[in-house]
Amino acid sequence: AYQLKQTFNMEPSRFSHGLVANAVTGPSARWLNVQVLRKHGCPQRHTWPTRVTDHATLGLCAQGRTRRVPSRALSNSSPDDIARPPTWRETLRGAVFWANPDHWDKVPKSMYWTLTFVLLKIVGTIGGYRGRANFARRSGLQPLMKWRERSSDAVSRTFETFKNHFPEAAGIVRGRTSSWGQGPAEPCLAVVLPVFCRTAQDVQEFRSTLIALSRQTRRADVVVVVDDESPADLAAAFGAWPEAKSLVSVRMSCNCGPASARSLGMRLLRHWAAGRRVIACLTDSDAAPSPQWCKAMLDAQLRKPGIFCGPTLSATDCHVGRFHDHFGNLNGRWTWDDPQGVLLYGCTCNFSVDLTAIGNMEFDPIFSRPGFEDIELCWRARTELGVFTRYTEKARVFHEYDQGFTGLYNQFWKYGHTEPIMAWMHPSFSFQGSRPVTAEFRDPRRTEIQASIGAANHVMRDLEMAAQQIMREAASGAKTADEAQKAMQSLQLEAQKLLQTAQTEDGNKATGKQK
């Protein structure tokens with residue numbers, strides 16, 4: 001019960017009283033309440049969830065079976081810890097814990113790289129803890145709400161200013177004209193690129209991103225650049241895009257952060273689409289997508305609309321880059337609760353979303369810095385709309401990371417500073433039980449159809465046992481005929497719901513026998 005509480009954030013008392021017997025996996029993962037069956041006379045049956053004992057506690061990860069990992073290591077932190085500023089003693093204790101190679105999913109074969117990653121783990125962990133401490137001491141609810149209101153107003157003002165400024169780009173999005181697209185029969189493929197450049201080096205990185213986007217095997221129909229009030233002049237970078245009419249550049253009325261900038265780009269695309277389906281690919285101005293990136297995202301969205309992300313790798317061969325690649329820091333995380341291919345969240349440096357699937361949902365403008373705005377959107381789409389974040393290996397992006405100890409410290413400081421906002425907005429969200437995703441990720445989980453069929457078999461066996469018990473009690477006189485009939489009708493309704501769920505979730509993938 002303690003292990004299940006640590007992994008699934010559930011109270012042990014629920015298990016000790018026999019309220020839960022079977023783990024049900026799949027998109028609509030839930031726990032079967034045995035009391036519903038016990039009231040019909042079904043004998044209590046404790047079935048230990050095999051996916052917990054066989055997988056989470058034994059440390060089965062993407063590369064196969066590895067060393068055992070403590071349950072505390074299957075997480076980043078807990079909401080209780082985030083709610084208060086960590087002391088320096090807690091910071092150092094956390095740095096020692098996360099830098100311990102026994103708490104990693106995989107360890108480099110080279111002792112040199114193991115020791116290097118230990119040192120970088122200490123630096124990054126201290127940065128994250130001190131970012132949380134800074135937020136707890138200097139921030140509060142009122143400043144956050146003021147920032148959200150200010151940023152939301154800025155997005156609305158900028159949208160009203162530019163929504164009719166680009167008729168050629170609007171025509172491309174609607175499907176009237178396109179130089180390299182496939183016409184209205186195919187969804188519009190667009191890229192939203194938030195930009196904030198301080199130096200000439202930042203502008204050069206932005207130019208490199210546009211060059212990478214222009215060399216795609218399936219080039220985007222439209223690229224929307226949202227300048228988040230950059231101090232530097234971006235004009236030198238725009239020449240990297242080959243066609244001016246398909247490149248849209250808008251400037252925010254004030255600096256609001258990448259979350260608001262991306263929301264503005266998505267809102268403009270919705271307005272121009274006029275009902276046409278739009279696939280919006282998101283990346284950063286210091287990232288270079290691989291030549292197959294756009295096509296891979298489009299193919300994935302055509303197979304299963306929603307949210308997709310792919311592996312983000314370092315653009316340079318350096319110590320910090322190898323560190324991020326080894327731990328998959330910008331690749332999202334996965335849990336055993338979800339079926340194959342589904343992630344807990346994805347990162348917006350390598351991200352695509354079907355704007356039709358999420359309706360009018362946008363990034364929350366409360367995030368002033370990069371970090372956790374993507375996690376918040378993915379979690380909100382999952383809980384409110386049932387839209388899951390999925391993984392596609394072919395959509396690769398190469399990212400420029402901040403170099404050295406200072407750059408690594410500052411990067412994790414930003415993550416730590418925004419993590420408490422996520423904990424405040426969504427107390428039910430937790431990293432507990434999650435594992436990192438790295439390049440060449442081999443998903444060990446069952447497919448959705450396998451998970452749904454396995455769940456159906458578990459529930460149907462319980463219903464069958466309850467039905468047999470009702471028949472025995474009716475034959476012995478323990479139940480009257482009316483009581484038995486009502487109980488059987490209740491079980492029949494449960495079986496019908498199960499069949500409907502299998503039909504709607506599996507569709508044509510399941511055979512008639514499996515249904």
Side-chain angles (χ1 to χ4, degrees), residues 166-195 203-227 234-250 261-262 264-266 268-274 276-303 305 307-313 315 346 348-356 392-400:
F166 305 96
E168 290 183 321
I172 294 175
V173 175
R174 292 191 183 97
R176 291 199 302 264
T177 59
S178 179
S179 299
W180 43 73
Q182 302 300 316
E186 186 180 76
C188 173
L189 181 63
V191 173
V192 176
L193 190 61
V195 180
V203 176
Q204 182 58 40
E205 291 177 353
F206 170 45
R207 178 182 172 83
S208 299
T209 302
L210 288 179
I211 292 175
L213 291 174
S214 68
R215 295 175 178 174
Q216 296 290 303
T217 56
R218 166 50 167 106
R219 197 183 299 171
D221 301 319
V222 173
V223 174
V224 181
V225 175
V226 183
D227 180 6
L234 306 181
F238 290 127
W241 187 252
E243 189 179 53
K245 69 177 184 180
S246 61
L247 180 65
V248 173
S249 176
V250 298
R262 293 188 180 101
L264 173 61
M266 293 161 59
L268 287 171
L269 290 171
R270 286 192 184 97
H271 175 72
W272 295 336
R276 185 187 178 192
R277 183 183 175 193
V278 177
I279 307 300
C281 298
L282 311 180
T283 187
D284 293 342
S285 60
D286 57 353
S290 64
Q292 297 79 27
W293 182 64
C294 283
K295 185 178 186 304
M297 286 298 191
L298 179 61
D299 291 343
Q301 292 286 358
L302 291 176
R303 289 193 302 269
I307 299 174
F308 275 89
C309 71
T312 300
L313 305 174
T348 44
C349 55
N350 188 355
F351 196 89
S352 73
V353 57
D354 186 333
L355 297 184
T356 304
T392 174
E393 175 69 32
K394 294 181 180 179
R396 295 194 167 201
V397 164
F398 297 91
H399 198 281
E400 291 282 355

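Worth saying up front: this structure is predicted, and the values here are computed from it rather than measured.
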Measure the shortest side-chain to side-chain distance between Trp293 and Phe398 over non-hydrogen atoms and say whether it is less than 4.5 angstrom. no
Using a strict threshold of under 4.0 Å (side-chain N to carboxylate O), is an ion pair present between Asp284 and Arg262? yes
Result for side-chain contact (heavy atoms from CB on, under 4.5 Å) between Thr348 and one of Thr283, Leu282, Val192 points to Leu282
Is there a donor-acceptor pair closer than 3.5 Å between any side-chain N or O of Arg219 and the backbone N or O of Ser214? yes
With side-chain contact (heavy atoms from CB on, under 4.5 Å) as the criterion, how do Cys188 and Trp272 come out once you've worked through the C-alpha distance, each side chain's angles and the decisive distance to 0.1 Å? CA-CA 11 Å; Cys188 173; Trp272 295 336; over 6 Å; no
Under the side-chain contact (heavy atoms from CB on, under 4.5 Å) rule, what do Leu234 and Asp227 come out as? Steps first, then yes or no, please. CA-CA 9 Å; Leu234 306 181; Asp227 180 6; 3.6 Å; yes
Separation between SG (Cys349) and NE2 (His399), nearest 0.5 Å, reads 5.0 Å
Correct closest heavy-atom pair for Leu269 and Ala280 would be CD1-CB, 4.2 Å
Mind checking whether Phe308 and Val353 have side chains closer than 4.5 Å, heavy atoms only? no
Would you call Asp299 and Lys295 a salt bridge, using N to O less than 4.0 angstrom? yes
Residues Gly346 and Cys309: closest non-hydrogen pair is CA-SG, 3.7 Å
Give a yes or no on whether a salt bridge exists between Arg218 and Glu186, defined as a side-chain N under 4.0 angstrom from a carboxylate O. yes
Do Ser352 and Gln301 have side-chain atoms, one donor and one acceptor, less than 3.5 Å apart? yes
Inter-residue atom distance Glu205.CD - Glu400.CD, 0.5 Å rounding: 5.0 Å
Give, for atom CG of Leu268 and atom CZ of Arg270, the distance between the pair rounded to the nearest 0.5 Å. 10.5 Å
Search all heavy atoms of Val248 against all heavy atoms of Ala169 and return the closest pair with its distance. CG2-CB, 3.4 Å
Phe206 side, atom CZ; Ile211 side, atom CD1 - distance, nearest 0.5 Å: 11.0 Å
Flag side-chain contact, heavy atom, 4.5 Å: Ser290 against Gln216: no
Measuring from Arg277:CZ to Asp354:CG, what's the distance to the nearest 0.5 Å? 4.5 Å
Where do Arg396 and Leu313 come nearest, in terms of heavy atoms and distance? NH1-CD1, 3.5 Å
Nearest 0.5 Å please: distance from the CG atom of Leu298 over to the SG atom of Cys281. 7.5 Å
Which heavy-atom pair separates Cys294 from Leu189 by the least distance, and what is that distance? CB-CD2, 3.8 Å
If you look at every heavy atom in Pro311 and Thr392, which pair is closest and at what distance? CD-O, 3.6 Å
Is the shortest side-chain heavy-atom distance between Pro289 and Leu213 below 4.5 Å? yes
Is there a side-chain contact between Leu193 and Leu210, using heavy atoms and a 4.5 Å cut-off? yes
Min side-chain heavy-atom separation Leu264-Val250 under 4.5 Å: yes
Should Val225 and Phe238 count as side-chain neighbours, where that means a heavy-atom distance under 4.5 Å? yes
Do Pro187 and Val278 touch side chain to side chain, with heavy atoms closer than 4.5 Å? no
